[in-house]
Engineer: 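Here you go, one structure.
Protein chains get the first letters and strands the later ones, always in sequence-line order, with residue 1 at the start of each.
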4 protein chains.
Amino acid sequence: MPKIGMRPIRREALITATIEALAEDGGLDARVSDIARKAGVSTGLAHHYFGSKEELFVETMRHLLVLLGTASAASLKRCDTPRERIDAILETNFSPRQFDKSTIAAWLIFYVRSIKSDESRRLLSIYTRRLRSNLIFAVSPVCTPKQAVEIAEGAAALIDGFWLRTALNTTLIEREQAITTVRKYVDQQLMSYQNEKA
Amino acid sequence: MPKIGMRPIRREALITATIEALAEDGGLDARVSDIARKAGVSTGLAHHYFGSKEELFVETMRHLLVLLGTASAASLKRCDTPRERIDAILETNFSPRQFDKSTIAAWLIFYVRSIKSDESRRLLSIYTRRLRSNLIFAVSPVCTPKQAVEIAEGAAALIDGFWLRTALNTTLIEREQAITTVRKYVDQQLMSYQNEKA
Amino acid sequence: MPKIGMRPIRREALITATIEALAEDGGLDARVSDIARKAGVSTGLAHHYFGSKEELFVETMRHLLVLLGTASAASLKRCDTPRERIDAILETNFSPRQFDKSTIAAWLIFYVRSIKSDESRRLLSIYTRRLRSNLIFAVSPVCTPKQAVEIAEGAAALIDGFWLRTALNTTLIEREQAITTVRKYVDQQLMSYQNEKA
Amino acid sequence: MPKIGMRPIRREALITATIEALAEDGGLDARVSDIARKAGVSTGLAHHYFGSKEELFVETMRHLLVLLGTASAASLKRCDTPRERIDAILETNFSPRQFDKSTIAAWLIFYVRSIKSDESRRLLSIYTRRLRSNLIFAVSPVCTPKQAVEIAEGAAALIDGFWLRTALNTTLIEREQAITTVRKYVDQQLMSYQNEKA
DNA sequence: AATGAATGAGTTTTCATTCAT
DNA sequence: GATGAATGAAAACTCATTCAT
């Protein structure tokens, strides 16, 4: 009877270690050996379970994406009004879980990697499309389709912008205020459309 | 008859090549030899003029920063009203020169590098502080200092967000619309403050 | 109730898998894990039963050698004339069993390994000497010892040549024709010696 | 003025070193570092000029192929009769240049590699086809096309067989005798066809 | 008897940097 | 001023072998 079922355990440990490593060194050149050490295993094992560094990175990105997607879906499920939906989206995207230093840094690295890696780009576009469609769906009941797209793109830019600036320590404002700002932005946009109509 | 005055020519060619290489060939992993080839010179020459890859990257970042700073200063000089200042900032940040694919990608990579490289971080913070102070200065005449900071942070996040999304091809909207969106955002913020006052 | 008598079963399965793997998967670079998977067992088991990859390879070679030797001895036993003996040797060496793609490829690899591995070389020389002595013995009754050696070397070269070319898919002719060609070669040699004598 | 034009020099040195290395260790697992040391350069340089070990091996094979092809063409040019052509082919294939230990060992390795490497297989088939067509062309004037193919395949098998057995030290006969044997084989074949006709 | 988890030594590969010319 | 040859250190990757269960 061998030690069995380590595969998922090791994979998760390595993925977690990858996220940490990306945050720590600036990540750009996190070595497989660093990541393996952090996960408490040998370099060989990392390759055994992921095949290559690229694959480990892609799987880590996929992992983050799933976490975000799951959290997002869960919090949207309980929503009835546009306002609730917007809040749910913001809660998720700015949740301490998603908005912590390591996670943001990892995302940032993946953003950059997506310039060159097809799979990373594919994964990134899943995130992007999901955020966009969530935002559009949220505001659709109270504006025209065209306006919904406009609001969604603006809000998405704000969210990504706050993310980026937090990742890089170039913003003065905190989580709470970022949320407030985006919410306020959406409200004002919607209001301005109401006025146009009138 | 030695060639003289090659230094500035070679340096500029290498810096231009670096920007291109960061967007195209290798992204994060652009090699010195790639960059040199793109500039039409040998690898050795890149080191001759810049000493190291790190230095070449820093100089390239500084170059982008100077371009942006110069353009920004020039267009702000002719402005008298808050509205004009905001427009000038947006015109500069979203000018075709600044908003093209290569330049944005290069900035993104420098953003990430700034996590590790002290000099890059220093340069990045110059950009950040300048953008913030320009925005604050622009709206100061028509709102309180606290409101000015809020607007500035929001507008900066929007600008960075649009930048990021353009770099990654994850946005649906174009330059023109991005400008309109930010301008509209600032207007609405200011208006809302007016209303509060009233 | 422990499984008993698994040893010969596993060993045979692994040896068979080795032969297949050498021809298919990895050629020269067949991995122990490939072979084990092909045999339907774990990597560990391959080492349990053979101790090392080298040993597994040597045993596989020995296995092929025994098969060929047994078949050869069996078919030579029933022969009385030179012509019958030659035919028996050819029947054996070009029997579908020996002349199939996997087996030939495996032999080829063992040939090359024999350059480095003492044990492989020893085994290979057994094959070589046996073939030579069988050929010499076959034609001895009808020619001088010196002529016998000449014929044997020529016929052996033809046989090895056809083998090699079949292994590498570089020949146009089939098993049947190869046999005919070698037989014809021997006949003509013998005839020419007859003529010389006359 | 840099040290220039080293590329062809280094490439040749590395190819020569590869041939030597393949002969020495049994070659199967000659390391790039071994080869580089033998060529008097660093490992890095080998990769600089060839990109990968695979490529170095392929280029070495191509080199051997060109040598053989050139020699073959040169010696065939001066021939007028079938007999001369056959002799020229044998002279070339068994020339001390082609028939030395290193070269034969290298070919043997390449033979085995061709099982897995597409490019190696392609190159090997060039050799095979050329030998076949040279042989066929040589005997064509004095026999039917069908007979020519038969002779060519038989002679090619003999040649390859002698090569193989020399590479593996499993033959008793020398270069000279090998040539004689093949020539005699061809003669006898042709004669036997003459007789058939009669 | 059997597994497959785990290692680590050994190799290939990459590339910034140096240097002779 | 300029080259590109050359290095070597660092990293990725491979895989036979060991071992706890």
Side-chain angles (χ1 to χ4, degrees), chain A residues 1-7 9-10 29-36 40-56, chain B residues 1-7 9-10 26 29-37 40-56, chain C residues 1-7 9-10 26 29-37 40-56, chain D residues 1-7 9-10 29-36 40-56:
Chain A
M1 219 168 24
K3 188 153 89 177
I4 227 166
M6 293 306 284
R7 192 182 166 85
I9 295 170
R10 295 305 188 196
D29 26 55
R31 285 158 289 173
V32 172
S33 60
D34 291 341
I35 294 171
V41 300
S42 67
T43 328
L45 206 67
H47 282 94
H48 178 61
Y49 283 123
F50 287 94
S52 73
K53 185 179 180 177
E54 166 76 9
E55 190 64 17
L56 171 56
Chain B
M1 187 171 68
K3 291 185 202 171
I4 55 164
M6 291 308 284
R7 190 178 167 85
I9 295 171
R10 295 305 191 192
D29 313 318
R31 281 165 288 174
V32 172
S33 59
D34 291 339
I35 295 170
R37 186 169 346 99
V41 301
S42 68
T43 327
L45 207 63
H47 281 89
H48 179 63
Y49 283 123
F50 288 94
S52 73
K53 185 180 183 177
E54 167 73 10
E55 191 62 19
L56 169 57
Chain C
M1 185 170 74
K3 290 186 201 168
I4 55 165
M6 292 307 285
R7 190 178 167 84
I9 296 171
R10 295 304 193 195
D29 312 318
R31 281 165 288 173
V32 172
S33 60
D34 289 339
I35 295 170
R37 187 171 343 101
V41 301
S42 67
T43 328
L45 207 64
H47 281 88
H48 179 62
Y49 282 122
F50 288 94
S52 73
K53 185 180 182 176
E54 167 74 10
E55 190 64 18
L56 170 57
Chain D
M1 218 165 26
K3 189 153 91 177
I4 228 167
M6 293 306 284
R7 192 182 167 85
I9 296 170
R10 295 307 189 194
D29 25 55
R31 284 158 290 171
V32 172
S33 60
D34 291 340
I35 294 170
V41 300
S42 68
T43 330
L45 205 66
H47 283 93
H48 178 61
Y49 283 122
F50 287 94
S52 73
K53 184 179 180 176
E54 167 75 9
E55 190 64 17
L56 170 56

Engineer: To the nearest Å, give me how far apart CG (C:Asp34) and P (F:dT14) are.
Structural biologist: 12 Å
Engineer: Does A:Arg31 put a side-chain nitrogen or oxygen below 4.0 Å from OP1 or OP2 of F:dA10?
Structural biologist: no
Engineer: If you round to the nearest 0.5 Å, how far is CZ of A:Arg7 from NE2 of A:His48?
Structural biologist: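 One gets 7.0 Å once the value is rounded to the nearest 0.5 Å.
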Engineer: Report the residue (C:Ser33 or B:Val41) whose heavy-atom-nearest nucleotide on DNA chain F is the more 5′ of the two.
Structural biologist: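 Here B:Val41 is the residue nearer the 5' end.
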Engineer: Rounded to the Å, how far apart are A:Ile9 CD1 and E:dG4 C1'?
Structural biologist: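 So the two atoms are 14 Å apart, to the nearest Å.
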Engineer: Hey, which of these two, A:Val32 or D:Met6, hits DNA chain F nearer its 5' end, going by closest nucleotide?
Structural biologist: D:Met6
Engineer: May I ask you to say what D:Arg7 touches in the nucleic acid, namely base, sugar-phosphate or nothing, with a heavy-atom cut-off under 4.0 Å?
Structural biologist: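 Counting heavy atoms under 4.0 Å across all strands, no contact is made by D:Arg7.
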Engineer: Atom CD1 of A:Ile4 to atom P of E:dA6: distance rounded to whole Å?
Structural biologist: 12 Å
Engineer: Rounded to whole angstrom units, what separation is found between the CG atom of C:Leu45 and the P atom of F:dC19?
Structural biologist: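 Between P of F:dC19 and CG of C:Leu45: 17 Å.
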Engineer: Do C:Lys53 side-chain atoms and C:Arg31 backbone N/O form a donor-acceptor pair below 3.5 Å?
Structural biologist: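 No; judged by distance alone, with no hydrogens or angles, the pair does not exist.
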Engineer: Name the residue closer to the 5' end of DNA chain E, choosing between C:Ser42 and A:Gly40 according to the nucleotide with the nearest heavy atom.
Structural biologist: C:Ser42
Engineer: For the residue pair D:Val32 and D:Ala46, what are the closest heavy atoms and their distance?
Structural biologist: CG1-CB, 3.9 Å
Engineer: Which angle, rounded to 10°, do you find between the first-five-pair axis and the last-five-pair axis of the helix from E:dA2-F:dT21 to E:dT21-F:dA2?
Structural biologist: 10°
Engineer: Before giving the answer on side chain to side chain contact (heavy atoms under 4.5 Å, CB included), spell out for A:Ile35 and A:Leu56 the whole-Å C-alpha distance, their side-chain angles and the decisive distance to 0.1 Å.
Structural biologist: CA-CA 10 Å; A:Ile35 294 171; A:Leu56 171 56; 4.1 Å; yes
Engineer: Near DNA chain E, counting only heavy atoms under 4.0 Å, which residues of residues 46-56 of chain C show up?
Structural biologist: C:His48, C:Tyr49
Engineer: Please find the pair of heavy atoms, one from B:Ser42 and one from B:Ala36, that lie closest to each other, and give the distance.
Structural biologist: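 So the two residues come closest at O-CB, 3.5 Å.
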Engineer: I'd like to check the side-chain contact (heavy atoms from CB on, under 4.5 Å) partners of A:Glu55; sequence neighbours left out, ordered by chain and number.
Structural biologist: A:Ser52, A:Glu59
